[in-house]
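This report refers to the structure that appears directly beneath it.
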Amino acid sequence: RAIVTEVPGTTRDTVEEGLSIDGQLYRLIDTAGIRDTADVVESMGVQRSRDAADNADIVIYLYDASVGWQQADDELIGTLPKRTVAFANKSDLTPTWTKGIPISCKTGEGIEQVTELMLRLTSDRAMGAGLINRRHVPLLDEARLALHRVISSLSGGEPTDIASVDLQIAIRALGEITGESTSPDVIERIFHDFCIGK
């Protein structure tokens with residue numbers, strides 16, 4: 001879904017995918033690397049990375065274990081949210097690593113630790129009861145109000161097709177949280193921001 005090369009700065013856009021771990025739904029967002037750049041387009045990608053990190057429940061900071069932890073990594077990780085965890089990828093290429101949890105995307109080593117950590121950090125106790133992503137708040141409010149209207153319509157003896165309109169509103173709002181539905185605004189933004197060929 002994205003062009004990837006060994007040339008720094010290739011990745012510009014975020015790539016998202018849903019994942020279920022033990023019944024817990026996650027939305028993984030792969031982003032461009034964060035670095036200083038004079039390239040206008042790459043700097044837009046870097047800003048998208050920072051925005052995604054600011055809104056994430058967990059930030060996975062992935063670095064190349066075969067290169068080792070650099071001073072730039074120290075400086076950068078200090079600018080990221082507190083819920084940032086470092087992982088040393090390509091640990092199969094080096095017997096030692098200087099920081100973080102060793103993993104290898106090639107061999108699968110350590111991937112189970114990643115999923116266990118995600119579950120632990122997003123447990124109700126770790127997140128705090130009732131704590132949700134700020135993007136979800138207006139959607140949950142919209143669903144709650146729509147469901148109140150459904151109850152009111154059905155209690156007042158109004159036709160069920162009137163209640164079904166509000167029920168659809170609630171379903172759509174909740175679907176935007178779970179990723180099962182997409183609002184017209186999001187679709188319009190996709191067509192506005194990206195070149196989509198036929």
Side-chain angles (χ1 to χ4, degrees), residues 1-123 125-128 131-135 179 189-190 193-197:
R1 296 184 11 203
I3 296 172
V4 178
T5 76
E6 68 279 6
V7 179
T10 301
T11 303
R12 301 321 181 50
D13 296 312
T14 57
V15 179
E16 301 185 25
E17 187 59 69
L19 173 69
S20 177
I21 303 174
D22 288 354
Q24 177 72 40
L25 183 64
Y26 294 89
R27 179 162 301 281
L28 303 180
I29 306 174
D30 182 35
T31 72
I34 299 176
R35 64 184 189 136
D36 291 329
T37 176
D39 185 295
V40 175
V41 179
E42 185 184 356
S43 65
M44 292 169 68
V46 169
Q47 186 56 52
R48 287 184 181 186
S49 298
R50 288 202 174 275
D51 292 343
D54 288 343
N55 289 303
D57 295 317
I58 305 170
V59 176
I60 295 177
Y61 187 90
L62 200 63
Y63 77 97
D64 189 338
S66 67
V67 173
W69 187 265
Q70 307 290 309
Q71 182 179 346
D73 294 306
D74 263 330
E75 294 169 358
L76 177 54
I77 204 166
T79 68
L80 296 173
K82 290 182 179 179
R83 298 177 78 78
T84 298
V85 183
F87 285 92
N89 189 30
K90 301 185 184 178
S91 60
D92 55 301
L93 299 180
T94 178
T96 60
W97 62 96
T98 52
K99 189 165 181 122
I101 300 169
I103 65 168
S104 170
C105 290
K106 183 176 181 180
T107 68
E109 175 201 350
I111 301 301
E112 191 173 316
Q113 287 179 277
V114 177
T115 57
E116 288 173 358
L117 185 69
M118 288 170 66
L119 285 169
R120 192 167 71 247
L121 290 178
T122 55
S123 68
R125 181 175 296 177
M127 296 294 290
L131 184 63
I132 56 174
N133 188 309
R134 75 186 83 174
R135 182 182 69 83
R189 193 163 73 242
I190 290 171
D193 292 345
F194 301 100
C195 296
I196 301 178

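We're numbering straight along the sequence, starting at 1.
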* Structure fact -> The side-chain contact (heavy atoms from CB on, under 4.5 Å) partner of Ser49 among Thr31, Val59, Ile29, Asp30 is Thr31

* Within the distance-only criterion (no hydrogens, no angle test), does the side chain of Asp54 pair as donor or acceptor with the backbone N or O of Asp51 below 3.5 angstrom? -> no

* Give a yes or no on whether the backbone of Ile103 and the side-chain of Ser91 come within a donor-acceptor separation of less than 3.5 Å. => yes

* To do: May I ask you to say whether Asp57 pairs ionically with Arg83, meaning some side-chain N is under 4.0 Å from a carboxylate O?
  => no

* Quick one: pull up CD1 in Ile58 and OH in Tyr26 and give me the separation to the nearest 0.5 Å. => 6.0 Å

* Asked: Has the side chain of Asp64 got a donor or acceptor atom that lies under 3.5 Å from a matching backbone atom of Ser66?
  -> yes

* Asked: Shortest non-hydrogen contact from Asp92 to Glu109?
  -> N-OE1, 4.4 Å

* Find out whether Tyr63 and Ile77 are in side-chain contact, i.e. whether some heavy atom of one side chain is under 4.5 Å from a heavy atom of the other. => no

* How would you list, by chain and number, every residue that makes a side chain to side chain contact (heavy atoms under 4.5 Å, CB included) with Arg50, sequence neighbours excluded? -> Ile34, Gln47, Leu76, Thr79, Leu80

* Asked: Under 4.5 Å between any side-chain heavy atoms of Glu116 and Leu119, yes or no?
  -> no

* Asked: Near Asp36 CG, under 6.0 Å, is it more than 12 heavy atoms from other residues, nucleotides or ligands?
  -> no

* Any chance you could measure Thr115, atom OG1, to Leu19, atom CG, to the nearest 0.5 Å? => 8.5 Å

* Structure fact -> Value for CD1 (Ile21) from CE (Met118), rounded to nearest 0.5 Å, stands at 4.0 Å

* Pairwise side-chain contact, Val85 with Leu121, heavy-atom cut-off 4.5 Å (strictly under) -> yes

